[in-house]
Structures are given as structure tokens and as C-alpha cells.
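Note sheet for the following structure.
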Amino acid sequence: MTRAFFATYKIKKMKALVYHGPAKKSWEEKSKPVVQQPTDAIVRITKTTICGTDLHILKGDVPEVTDGRILGHEGVGVIEEAGSAVTNFKKGDHVLISCITSCGKCDYCKRGMYSHCENGGWILGHLIDGTQAEYVRIPHADNSLYHVPVGSDEEALVMLSDILPTGFECGVLNGNVKPGDTVAIVGAGPIGLASLLTAQFYAPAEIIMIDPDDNRLSVSKKFGATQTINNQKSDAVAKLKELTGNKGADTVIEAVGIPETFELCQSLVAPGGTIANIGVHGKPATLHLESLWAHNITITTRLVDTVTTPMLLKTVQSKKLNSKQLITHHFKLSEIIQAYDTFGHAAREKALKVILTNE
Ligand SMILES: [Zn+2]
Ligand SMILES: [Zn+2]
């Protein structure tokens with residue numbers, strides 16, 4: 001009796017990374033999630049990671065995230081339980097979790113705009129508990145999970161939950177990158193690097209990375225950047241004009257999310273060009289219409305829809321895209337506090353993406 005009681009008790013608890021207000025987080029015991037709707041699935045996490053967005057949340061930039069929320073919106077795992085209405089997945093299936101939850105049925109989903117799903121969108125680790133835990137509940141599992149192909153490298157696939165589709169959809173597709181173009185990417189963190197990798201699908205002539213961190217700039221060179229500019233050591237606008245015959249860049253991708261970098265993008269874009277914003281902005285930024293009104297430019301914003309995940313999965317599987325090179329550090333899931341410290345001091349630690357393994 002007693003033993004059975006404790007056995008049941010044990011399965012119902014799990015460990016998770018819990019947000020307790022700005023700058024406060026802890027690795028603690030929480031209840032294991034259960035199926036709440038027939039369309040839910042419970043996934044046992046095998047690998048997860050930390051996103052720049054999680055750092056924004058911890059800075060207090062995302063006030064909708066409330067005390068007690070489990071963070072995280074990326075990961076790979078195994079289906080522990082599938083609700084009765086889930087038809088694409090069953091217990092034991094190996095799955096990739098999309099950072100965007102989508103019902104597949106509402107008006108926005110029908111338009112492929114999963115990010116604004118009326119019954120989902122970016123909710124994981126935001127409005128509902130997320131993936132930095134031993135288990136996670138995924139609503140609308142049929143449309144929000146992807147089968148992991150047999151023989152795949154799990155760690156490479158974790159990069160497909162968020163950063164690769166984000167860099168590609170918000171940066172490259174919205175930025176209208178074309179063969180022969182000049183692309184400037186402001187910010188050489190994981191998202192900027194994901195744009196750098198996926199921009200190369202379209203064979204632009206030049207990809208110029210701009211960042212204050214020399215290590216990240218040298219990584220960018222290895223990932224295919226043709227030129228780099230350290231905007232702390234030099235005048236990025238003057239340097240870019242010099243590199244482009246005074247024209248500017250056809251596509252400028254903002255991959256930082258502060259007013260200064262968005263304003264810098266406005267000084268880098270060529271007439272007829274596009275500024276594609278990816279950054280999560282917590283403050284207003286000035287739009288310089290006094291210089292841009294006659295320049296025929298386009299400014300785009302987007303929350304990733306993850307509609308390109310199946311395509312990106314194929315490019316990773318066929319090794320056309322080496323997503324694993326974005327991973328610099330490995331930790332056990334139980335060492336997540338240490339992993340946050342490393343990721344939060346990215347320049348000091350030379351960190352890009354960290355992988356957390358649930359052992
Ligand atoms: Zn993210
Ligand atoms: Zn929907």
C-alpha cells in the first residue's frame with residue numbers, strides 16, 4: 001500500500017525551471033502535466049535549450065509571463081501520452097516541438113499565420129508552462145509537433161524549434177533576399193547566425209555581419225559571411241557604405257531588438273531595400289521618415305509562424321544546412337541554472353546555443 005502510494009506520488013512530480021518575477025528563477029519540483037484537452041499530448045523532454053527570449057523574460061521585458069511559469073519553448077522529446085483526439089502521434093513517438101502552438105483550424109492558421117493562432121501562437125513558456133522541464137503539455141499536438149525522422153541527430157533538430165525558422169521566416173523570407181543581393185545582418189547571436197545560414201539558400205552576393213563581439217564575427221566568417229564589421233570599434237554606416245559603393249544593403253536584418261540597432265538598420269538600407277525586423281523590442285524606436293520617405297524601402301515585422309519547419313527539417317536531414325554548428329555548450333537539464341549563467345554571459349563564455357539533456 002505505502003509503496004504503491006509513493007510510486008504514484010513519484011510519477012506525478014517532475015523538475016522544471018520556474019520563473020518567479022524579474023531576475024528570479026529556480027530549478028524546482030512541479031506537478032507533472034496531464035492531458036487537459038483531447039487534442040493535447042504530454043511529451044517527455046529529451047533535449048531542450050535556452051533562447052534569448054528567455055533572457056528578455058527574466059529582464060522583465062515580457063510582463064505577461066507570471067510568477068510560477070515554467071520557461072522554455074524549444075525541444076525534442078518522446079510522446080508520453082496522447083489525448084484521445086490526437087491522430088498524428090502516439091505514445092513512444094519521437095517528436096520535435098514547435099515554439100508556436102497552432103490549432104490548424106482558425107482563420108489565422110488557415111492563412112498559414114500560425115503565430116497568431118486564435119487558440120495558440122507563442123504560448124509555450126509564455127502563457128502556459130514550457131519545455132525547460134522533464135515533461136511538457138503540448139496543446140493541439142497534431143499541428144504543433146513534427147515527427148523526428150529515424151536516425152536524426154536530436155541536437156541538430158532542437159535548432160528547428162525556433163531559431164532556424166525565425167531567422168529564415170522573419171529575416172530571410174520577409175527580407176526578400178535574392179540572388180546577387182547585398183545582405184547586412186545586425187546582430188551575430190544565434191538568431192542572426194540562423195539568418196546568415198539560411199540566407200545562403202538564395203545565393204546573395206554579399207552577407208555583411210555587424211556585431212560588437214569579435215568572437216561572434218569570426219564565427220560568422222566560418223558560417224559564410226563575406227564581410228564583418230565591429231560596430232563598437234568602427235563606424236558601421238561608413239564602413240558599409242564603403243563596402244557597397246555608397247549604396248547600402250538591399251536587405252538589412254535586425255536581429256538584436258534594441259532601439260539603437262533598429263535605427264542603425266535605417267542608415268544601412270539601400271534605396272528600394274528592405275529592413276526585416278526579428279528583434280524582440282521592449283522599447284519604442286525612432287522611425288527616421290525624414291530620410292526614408294523617398295527611399296522606396298519596405299519595413300517588415302513578424303513573429304515566426306514555423307510554416308517552413310518541414311522544409312528546414314529536410315535541409316538539415318540532407319546536410320544542406322548544418323544546424324549543429326550553432327551549439328557551443330552542453331549541460332544536463334538539472335544543471336540549467338549554470339546553463340543560464342553561461343548563456344547569459346555569451347560574450348565571456350563564447351556561447352551560442354546550449355543543449356540541455358534530460359538524463
Ligand atoms: Zn526562442
Ligand atoms: Zn489556429
Side-chain angles (χ1 to χ4, degrees), residues 17 19 25 37 39-40 45 47-59 61-62 64-65 69-76 85-86 88 96-133 136 138-145 157-171 187 189-195 198 254-257 277-282 302-309 312 323 326-327 336 339-340 343-344 346 351-356:
L17 192 279
Y19 174 77
K25 61 181 181 308
Q37 299 290 331
T39 45
D40 289 353
I45 294 290
K47 308 264 179 191
T48 183
T49 181
I50 305 170
C51 180
T53 305
D54 299 319
L55 300 183
H56 276 287
I57 293 171
L58 283 160
K59 266 169 63 189
D61 285 348
V62 191
E64 317 84 271
V65 181
R69 177 69 59 236
I70 299 172
L71 298 184
H73 50 262
E74 296 158 276
V76 168
V86 175
N88 286 348
L96 164 69
I97 299 166
S98 174
C99 66
I100 299 293
T101 302
S102 53
C103 72
K105 293 175 178 172
C106 71
D107 284 353
Y108 288 114
C109 282
K110 292 280 188 198
R111 285 155 59 189
M113 227 168 112
Y114 295 162
S115 58
H116 288 72
C117 171
E118 290 167 23
N119 309 301
W122 174 42
I123 56 173
L124 276 181
H126 178 208
L127 306 178
I128 66 169
D129 285 336
T131 57
Q132 291 167 7
V136 63
I138 304 295
H140 306 296
D142 275 341
N143 211 51
S144 308
L145 295 172
L157 296 196
V158 172
M159 305 299 111
L160 288 169
S161 284
D162 176 359
I163 63 165
L164 284 169
T166 298
F168 182 60
E169 293 176 14
C170 308
I191 292 283
L193 292 171
S195 294
T198 54
E254 203 284 348
V256 183
N277 181 78
I278 311 178
V280 176
H281 289 266
R302 183 168 181 175
L303 178 59
V304 64
D305 291 301
T306 66
V307 281
T308 62
T309 302
L312 292 168
S323 62
L326 291 158
I327 301 164
I336 192 166
Y340 261 95
F343 187 67
L352 294 171
K353 287 297 268 187
V354 303
I355 286 285
L356 297 150

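We count residues from 1, following the sequence as given. Note that the structure is predicted; figures quoted are calculated from it, not measured. Order of appearance sets the numbers: ligands from 1, and atoms from 1 within every ligand.
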Answer yes if the side chains of T306 and S98 hold a donor-acceptor pair under 3.5 Å, and no otherwise.
yes
Name whichever N, O or S atom of D162 ends up nearest to the Zn ion (ligand 1).
OD2
With a cut-off of 2.8 Å, does any N, O or S atom of C99 fall short of it relative to the Zn ion (ligand 1)?
no
Whether H140 has an N, O or S atom under 2.8 Å from the Zn ion (ligand 2)
no
Is a side-chain donor or acceptor of E118 paired with a backbone partner of Y108 at a separation under 3.5 angstrom?
no
Salt-bridge test for R69 and E64: reply yes if a basic N is under 4.0 Å from a carboxylate O, no otherwise.
no
Scan D40, D142, I138 and name whichever one has a side-chain contact (heavy atoms from CB on, under 4.5 Å) with V86.
D142
